[in-house]
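To find a chain, count down the sequence lines: A is the first, B the second, and so on, and within it residues start at 1.
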Amino acid sequence: MELLVAIGIGTLTAAGVYLLLRERTFSVLLGLTLLSYAVNLFVFATGRLQVGAAPRIQPGVETYADPLAQALVLTAIVISFAMTAFTVVLAIAARHRLDDDRASPSAEQDDA
Amino acid sequence: MLPLLWLSRRGPRDLAPWLAAAADAAGLVLLLQFAPRVFAGEVIAWRMDWVASLGLALSFRLDGLAFLFALLILLIGLLVILYARYYLSEESRLDRFFFLLMLFTGAMLGIVLSGNLLLMFVFWELTSISSFLLIGYKSGKTEAREGARVALAVTGGGGLALLAGVLLLGHVAGSFELDAVLASGEAVKQSALYLPILALVLAGAFTKSAQFPFHFWLPGAMAAPTPVSAYLHSATMVKAGVFLLARLYPVLAGPDAWFFTLTAVGVVTLTFGAYQAIFRHDLKSLLAYSTVSHLGLITLLLGIGTPLGAVAALFHVINHATFKASLFMAAGIIDHETGTRDMRRINGLWRYMPYTGLLAAVAAAAMAGVPLVNGFLSKELFFGEALMLERGGGLQWILPLIAVLGGVFSVAYSLRFIHDVFFLDRPLDVERTPHEPPVWMRIPVEVLVAACLLVGVLPSFTVQPLLEASAAATVGGPAPEFSLRLWHGVNVPLVMSAIALGGGVLLYFLLQYGLDLHTHVQSRNTAKRLFDRTIVALSTAAARLTQRAYAGGLTSGVLALILAASFAGLFPFLRGKGAIGSLATAPVEPMALVVFALMCVSALGSVFVHRQRLIAVIVVSVVGLTVALAFVYFSAPDLALTQISVEVVTILLLLLALYYLPQEAPPERAVNRALRDFFLGCLAGGGVGWLTWAMLTRPHDSISGYFIANSVPQGGGTNVVNVILVDFRGFDTYGEITVIGIAALGIAAMLGGVKLPWRQADEAGRSWAPEAAHLPLALLVRLLLPLALLVSAFLFLRGHNDPGGGFIAGLVTAVALILLYLGAGLEWTRQRLAVNYRAVAAAGLLIAGATGLIAMLGFDLPFLTSAHGYVHWPVVGKVPLASAMGFDLGVYLTVVGAVMLALTRLGEAGLPFSAKRPEA
Amino acid sequence: MNQWIIAPVLLPAVVAGGLMLAGSVVTLRVQRVLGLLATAVLLAIALVLLDQAAGGSQGVYTLGHWRPPFGIALVLDRLSAVMLALTAALALCALVAAVAGGVDAQGRYFHALFQFQLMGLNGAFLTGDLFNLFVFFEVLLIASYCLLLTGSTPARLRAGLHYVVVNLVGSSLFLIAVGLLYAMTGTLNLADLAHKVPLLAAEDRLLVESAALLLLTVFGLKAALFPLLLWLPSAYSAAAAPVAALFAIMTKVGIYSIVRVYVTVFGPAAGEAAPGLGDWVVPAGLITVVWGALGALASRRLGSMAAHLTLMSAGTILSVAALTTGPAVSAALYYLLHSTLATALLFLVCGAVAERRGALGDRLQRAGAAQPVPLGIAFLLSVMLVVGIPPLSGFLGKAMLLQGSAAAPQAVAIWAVLLASSFVALIALARAGMTLFWAVRAAPAPPSRAGEMAAPMLLLAGMLALTVAAEPVKRFMDATAAQLGDVRSYSEAVLNAPGRP
């Protein structure tokens with residue numbers, strides 16, 4: 001099971017990184033999304049994997065899933081979401097001001 | 001003094017020079033007061049701490065050597081001020097000029113009077129700066145800028161080397177205070193750092209004093225106004241280098257390295273400079289090369305290392321300063337009167353300015369080493385020392401020869417100066433008729449020339465005590481015996497002088513009439529050109545490097561990061577050990593396998609279809625779904641809920657983005673780029689996967705035990721995750737909603753500033769509808785909305801105890817509202833729901849902050865301290881209530897406001913102007 | 001309970017929230033007044049905190065009244081107090097410049113975003129929790145994205161995209177590193193981490209070392225350490241001058257994080273788990289310095305030159321700070337103070353110059369408009385400050401750095417690089433200065449505009465104070481470095497702070 005999770009996270013990261021290095025901004029955005037999924041799963045996994053544990057404190061239950069790791073992931077998900085939204089709008093604005101939707105649009109003549 | 005000069009800007013023209021002169025004279029008087037004590041051998045010191053940690057103190061020290069130089073600086077300074085007043089043209093800003101001149105004088109005095117090596121360095125660099133500003137004074141002219149630039153580069157570079165040398169020296173000596181440094185001479189000479197120190201200090205000294213091979217800046221510096229050349233580049237600043245050598249004489253002089261380096265450099269500079277001077281056509285350029293040569297002579301004398309050599313060096317310092325300054329002034333007079341400095345054009349001036357010519361002739365005679373003038377005496381001493389040299393590994397016979405050769409050259413160029421300008425019988429090629437300069441311009445020259453004569457004829461009355469005191473200070477012991485008489489009898493030095501004189505005259509006339517000097521094409525300043533070419537080569541290389549690096553833009557930045565991170569993360573494992581833990585792994589269930597397979601397939605699939613953007617978005621959303629399923633499977637219901645709702649909004653956002661972006665991307669051409677990225681992806685993915693695996697096979701012990709134990713008793717909720725978010729680690733959440741708020745603000749700002757085009761149809765011809773067309777959908781969403789809001793409220797209220805909470809509730813509300821916009825149309829919704837979402841988000845932030853503040857302001861507890869208890873509602877009964885719910889309310893509002901702000905603005909941005917709401 | 005400690009985070013937060021709520025209901029004028037007032041008060045608070053921290057003991061603020069390591073703690077020691085004061089002072093100058101230059105009218109919600117930025121910076125400097133550091137990093141990052149993009153000009157959009165995406169990847173890395181550390185030690189609090197890391201078994205240490213190096217990469221990205229510096233020149237030269245001036249502190253956040261996390265968690269006590277900071281950072285820092293110097297020389301625009309000089313100063317600070325000896329760290333801290341202010345000054349002066357040249361902007365070509373004399377003097381002074389020409393604080397800082405690194409094995413390399421790069425910077429700046437101020441169309445120098453020189457004057461005054469009061473400042477930095485290295489007292493203060501239960 002753990003191996004599966006590790007492979008899954010690895011695959012997501014690999015796909016994300018590949019897309020990040022593409023020429024077009026939209027592909028970069030997709031890559032960022034995949035990468036954030038991978039990282040969220042990773043942080044979640046730091047709390048170790050519990051299958052079917054209780055979601056809230058109940059009398060009599062001893063083992064719970066690691067709540068701190070979950071809280072961290074929640075924060076991370078929301079922050080990534082805010083960042084993604086921002087970047088999407090930035091990409092749109094850039095595309096329309098620069099008339100070019102490549103991730104590295106050509107620079108002006110005299111940039112140094 | 002300096003601020004006064006700045007104020008004088010608006011005053012009468014003469015105010016600045018008079019102020020400057022007054023200050024200078026005051027300094028002179030002050031200095032002379034100390035004379036008797038200094039001559040008696042006393043060292044006068046004053047000290048104030050500045051940065052003790054560095055060893056830098058404001059300490060000043062007056063001994064014989066310092067006195068000599070200070071006297072030179074102040075005396076010649078006074079004369080230069082007077083001269084400059086009349087030399088500078090009417091339009092010049094006198095106040096700025098004298099400000100800079102005084103700044104320089106102060107800095108120069110600082111060098112000679114410093115009692116702390118670091119402090120001396122401070123003043124050293126200040127002289128470089130003020131010299132730079134003075135050379136570039138006529139900043140409109142290209143050669144002034146050129147000269148200033150090269151001067152700054154060379155002296156600045158030398159200065160940096162000197163800094164290193166001084167720091168090392170202080171380290172060996174234990175302190176930067178001169179007294180301590182001078183006393184530690186033996187320690188320095190024995191130390192392993194002696195050679196580096198010597199090399200660095202010499203670099204500083206040689207650059208400042210324009211010794212070979214750093215001489216090339218001095219001719220360029222002649223673009224400065226002549227008073228500046230007379231002061232800085234003959235009498236004072238260039239002497240700073242040899243001053244340093246004299247100052248550090250007790251510490252550095254003696255060993256072979258000192259002897260050979262200094263004598264070699266001195267010899268080369270002496271001859272090279274003198275040789276070049278003969279062929280110059282510009283008056284000042286000739287004088288510049290001559291200065292270089294004479295400084296080489298002084299260096300040589302110091303290098304020889306004998307006490308008498310030191311005396312000779314110091315004597316020549318005085319003499320050179322006096323005659324060179326006066327010659328520069330004379331050159332300035334000629335320039336002022338004729339409008340040119342080119343000796344090919346100025347001939348036979350004797351007819352027009354005989355008196356000036358006489359003065360110049362005397363000074364030139366001093367330069368040449370003619371008897372009865374001071375130059376002769378120091379030359380004699382030089383010849384004498386050259387003959388008596390015992391050191392040198394068998395080559396010492398070269399020195400007298402070089403000495404004579406140098407003498408020959410110096411006679412030749414001195415003669416050139418006088419003869420070519422005043423006596424040569426060629427046509428005069430100038431615009432105006434020259435005549436004698438105003439009296440006040442001549443007086444400084446007269447004073448200096450008089451000094452030359454006086455010292456030349458009566459040396460022991462005028463200069464002896466001064467030389468004794470300074471030589472003693474230099475050598476670090478009692479002064480050697482010497483006698484400065486005009487006539488020592490017919491000895492070898494005298495013969496050498498005679499040969500030099502004769503040879504020089506011969507050489508000159510040969511060149512002038514035999515080879516016709518005027519037609520001589522000036523050799524270009526090769527050293528300077530080499531320097532310039534190096535700088536240019538460096539610049540071009542730098543440009544090429546940086547252009548290539550930056551050309552890749554975003555992708556190369558990400559590439560560098562991924563590479564660095566992969567390397568960093570995997571580096572510890574390169575050293576061998578596996579690092580897989582020993583924990584048993586859980587079994588795999590078939591359902592999980594399916595989800596896993598789906599995740600991987602979709603992830604890889606998105607890579608292949610990323611150019612068909614609509615499909616890619618769908619594939620990515622599938623990946624997100626599998627992630628949510630994973631969360632469910634591994635007992636994280638809160639996370640799953642959040643992931644799904646965030647997923648929905650993200651997909652909506654991406655789809656909206658596709659309205660503004662092309663829906664398909666052209667294929668990328670570079671195959672090896674794809675290969676490289678594939679490899680990198682595998683590297684990164686493999687690395688992260690490896691880390692995950694290593695981590696998951698280890699046991700885990702964390703502080704969450706505390707949270708689990710205290711969630712109910714202290715936090716008042718059974719949903720531990722939520723309690724952590726809004727209570728235990730509420731500060732994190734506070735930061736997180738701030739991020740959301742800022743993002744929304746930024747999105748609003750960006751969309752307010754960019755005009756997006758309104759598209760009627762996409763590339764395939766499918767039309768975009770600005771308004772809702774589908775009636776059933778519109779009805780459905782209108783019915784759905786209250787239901788959705790109810791669900792949100794439910795999720796919100798139960799969040800503390802069951803999966804739910806502010807975020808999720810907020811996202812559900814946002815999604816419902818968006819569906820309303822989508823289904824019922826933008827216009828319809830806007831008319832009924834005129835909400836300022838930005839304000840909602842801001843209110844959320846403020847409410848969250850306020851709940852945290854209650855504890856602070858009311859109970860003097862830290863921010864975000866929570867409380868909880870029970871509330872009795874009439875029908876419902878006892879309801880647990882925690883103050884953290886207020887915080888959660890803030891979270892809720894922020895999320896709703898921010899998401900709605902972003903999406904509605906984005907949706908509206910592409911509409912034609914009339915349909916847009918006026919910006920709030 | 002010392003409520004002052006959280007004030008630097010709460011005050012900007014509340015003001016920003018208020019400004020965001022009001023939107024354009026309040027006029028720009030009112031926004032300006034509010035923003036300037038808030039920043040001035042922030043400076044006062046920071047000075048109060050500095051005074052408190054000078055007493056020598058750490059002030060710990062436990063949020064939510066939960067005892068660390070379970071709750072989040074804010075720690076006020078000398079280092080964080082210094083950084084807070086520096087940020088506030090810089091922010092005030094930058095804001096004055098923004099108002100004077102009308103930059104705040106170029107984009108919307110400038111003042112709110114500015115306050116948010118300050119909130120993020122202050123939070124990052126104060127926090128004693130690794131995940132909280134991540135959160136505040138995100139706050140300050142996103143605020144900086146928005147500030148950079150003020151006005152949404154094409155150059156800013158392009159540079160902004162690069163800056164944003166690179167930092168987003170960096171944030172993901174940050175999460176991986178924090179997650180890894182949590183997985184191995186079970187805690188997020190810095191003091192607690194310092195306790196737990198040395199207790200790990202040998203085979204677990206590899207993972208921790210991996211996390212440490214990842215953290216170094218992330219912080220190095222922020223600090224523009226080689227090879228992660230490609231984003232800086234375009235971003236800083238595209239930004240509006242007051243924004244670029246404020247950004248002078250952003251690289252310092254990265255430097256601060258490296259120093260704080262490494263000295264506290266991965267110090268000598270951590271043993272094998274600690275990667276040798278000096279082995280990695282010193283060479284990287286030196287390469288950064290060289291890169292910055294060459295880039296400055298090659299620049300054809302003034303803004304790009306200033307950005308490369310920022311690179312140089314960041315690399316300089318890191319190369320020496322990474323030696324982690326007392327004299328080295330204290331020298332690096334003094335130089336950090338100085339170079340932040342000096343870089344900001346340079347950006348402001350460059351901005352003012354570029355504005356007057358109209359279409360030529362900040363391209364280094366001749367025959368531009370003549371510049372007013374005070375501006376020329378300011379430029380000369382900033383050159384002296386940045387290059388390190390005596391007698392100003394730049395020289396003092398450089399001398400301290402050279403002396404502080406003298407005992408290290410890499411001393412020769414450090415000295416050579418520092419001195420050579422100063423030389424190159426001198427040439428580049430002198431050339432630029434001559435092109436901008438001397439090779440101009442012959443015209444009488446125009447008078448300087450009101451308010452144009454206000455912020456530069458403030459910065460110059462600050463650096464003059466640094467110069468004259470160099471000794472007390474240096475001694476304070478010595479104490480700061482000593483306190484920083486005393487991890488034991490740090491952990492004791494944090495882990496024994498009052499709180500529930």
Side-chain angles (χ1 to χ4, degrees), chain B residues 51-54 122 125 139 145 149 152-153 156-157 160 164 167 539 542-543 546 554 556-558 560-561 564-565 568-569 571-572 579 694-695 701-703 706 728-732 735 738-739 742-743 745-746 749-750 752-754 838-839 842 845-846 849 856 860-865 920, chain C residues 1 3 6 14 17 20-21 23 61-66 69-70 72 107-109 116 132 135-136 138-139 142-143 146 152 162 165-166 169 173 183 186-187 203 206-207 209-210 213-214 217 227-228 230-231 294-295 297-298 389-391 399 402 419 422-423 426-427 430 434 438 470-471 474:
Chain B
V51 186
S53 313
L54 264 181
V122 170
E125 292 289 76
S139 55
R145 292 199 298 272
R149 180 178 69 78
L152 184 64
L160 286 168
L167 285 174
S539 300
T546 46
L554 166 61
S556 48
V558 175
L561 183 55
F571 179 75
M695 171 181 78
D701 182 27
S702 91
I703 58 177
Y706 174 85
F728 288 114
R729 293 187 66 97
F731 199 51
D732 272 344
T738 310
V739 172
I742 300 175
L745 212 56
M750 263 194 289
V754 176
R838 191 201 65 244
L845 281 175
L846 287 171
M856 267 180 82
D860 195 33
L861 286 171
F863 183 62
L864 291 179
T865 310
Chain C
M1 178 54 53
Q3 304 282 14
I6 196 166
V14 169
M20 185 176 169
L21 183 65
Y61 190 87
T62 51
L63 286 153
H65 209 50
W66 298 107
F70 310 110
I72 298 174
R108 306 156 130 255
Y109 315 118
F116 275 129
N132 197 239
V135 173
F136 275 98
E138 296 307 300
V139 175
I142 190 155
C146 298
S152 305
H162 185 162
V165 172
V166 159
V169 179
L173 283 172
T187 180
E203 60 269 9
L206 282 180
L207 283 176
E209 194 181 331
S210 177
L213 285 172
L214 280 175
T217 313
L228 308 162
L230 295 172
W231 58 271
L294 289 179
L297 192 62
I389 298 180
L402 290 172
L419 291 172
S422 304
F423 179 63
L426 177 65
I427 294 185
M434 291 198 300
W438 284 357
E471 182 60 17
K474 180 66 163 48

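Ranked by heavy-atom pairs under 4.5 Å with chain C, the first of B/Asp701, B/Leu745, B/Val739 is B/Leu745. Of the residues considered (B/Gly157, B/Gly156, B/Gly849), B/Gly157 shows the highest number of contacts with chain C, using heavy-atom pairs under 4.5 Å. Ranked by heavy-atom pairs shorter than 4.5 Å toward chain C, the options B/Val558, B/Leu167, B/Leu845 are led by B/Leu167. In terms of heavy-atom pairs under 4.5 angstrom with chain C, the leader among B/Ala839, B/Ala564, B/Ala543, B/Ala565 is B/Ala565. No other option in C/Pro391, C/Pro227, C/Gly107 has as many heavy-atom pairs under 4.5 Å with chain B as C/Pro391. Options C/Leu294, C/Ile389, C/Val14 differ in how many heavy-atom pairs under 4.5 Å they form with chain B, and the most are formed by C/Leu294. The greatest number of non-hydrogen atom pairs below 4.5 Å with chain C, out of B/Leu152, B/Asp732, B/Val122, B/Val51, is found for B/Asp732. Contact tally against chain C (heavy-atom pairs below 4.5 Å) for B/Ala164, B/Gly746, B/Ala842: the top residue is B/Ala842. Of the listed residues C/Leu419, C/Ile72, C/Leu214, C/Val139, the one with more heavy-atom pairs under 4.5 angstrom with chain B than any other is C/Ile72.
For a residue to count as touching a neighbouring chain, one of its non-hydrogen atoms must lie under 4.5 Å from one of that chain's; by this rule B/Leu846 touches chain C with the side chain only. The contact between B/Phe571 and chain C is made entirely by side chain atoms (from C-beta outward), counting heavy-atom distances below 4.5 Å.
Annotation: side chain to side chain donor-acceptor pair (under 3.5 Å) contacts of B/Ser702 (sequence neighbours excluded): B/Ser704, C/Tyr182. The side chain to side chain donor-acceptor pair (under 3.5 Å) check on C/Ser422 picks up C/Lys398, with sequence neighbours excluded.
By the 30° and 60° cut-offs, the orientation of the rings of B/Tyr706 relative to C/Trp66 is perpendicular.
For the pair C/Leu426/B/Leu160, no side-chain contact is recorded, criterion being any heavy-atom separation below 4.5 Å from C-beta on. Proximity of C/Trp231 to B/Leu561: side-chain heavy atoms (C-beta onward) are nowhere separated by under 4.5 Å.
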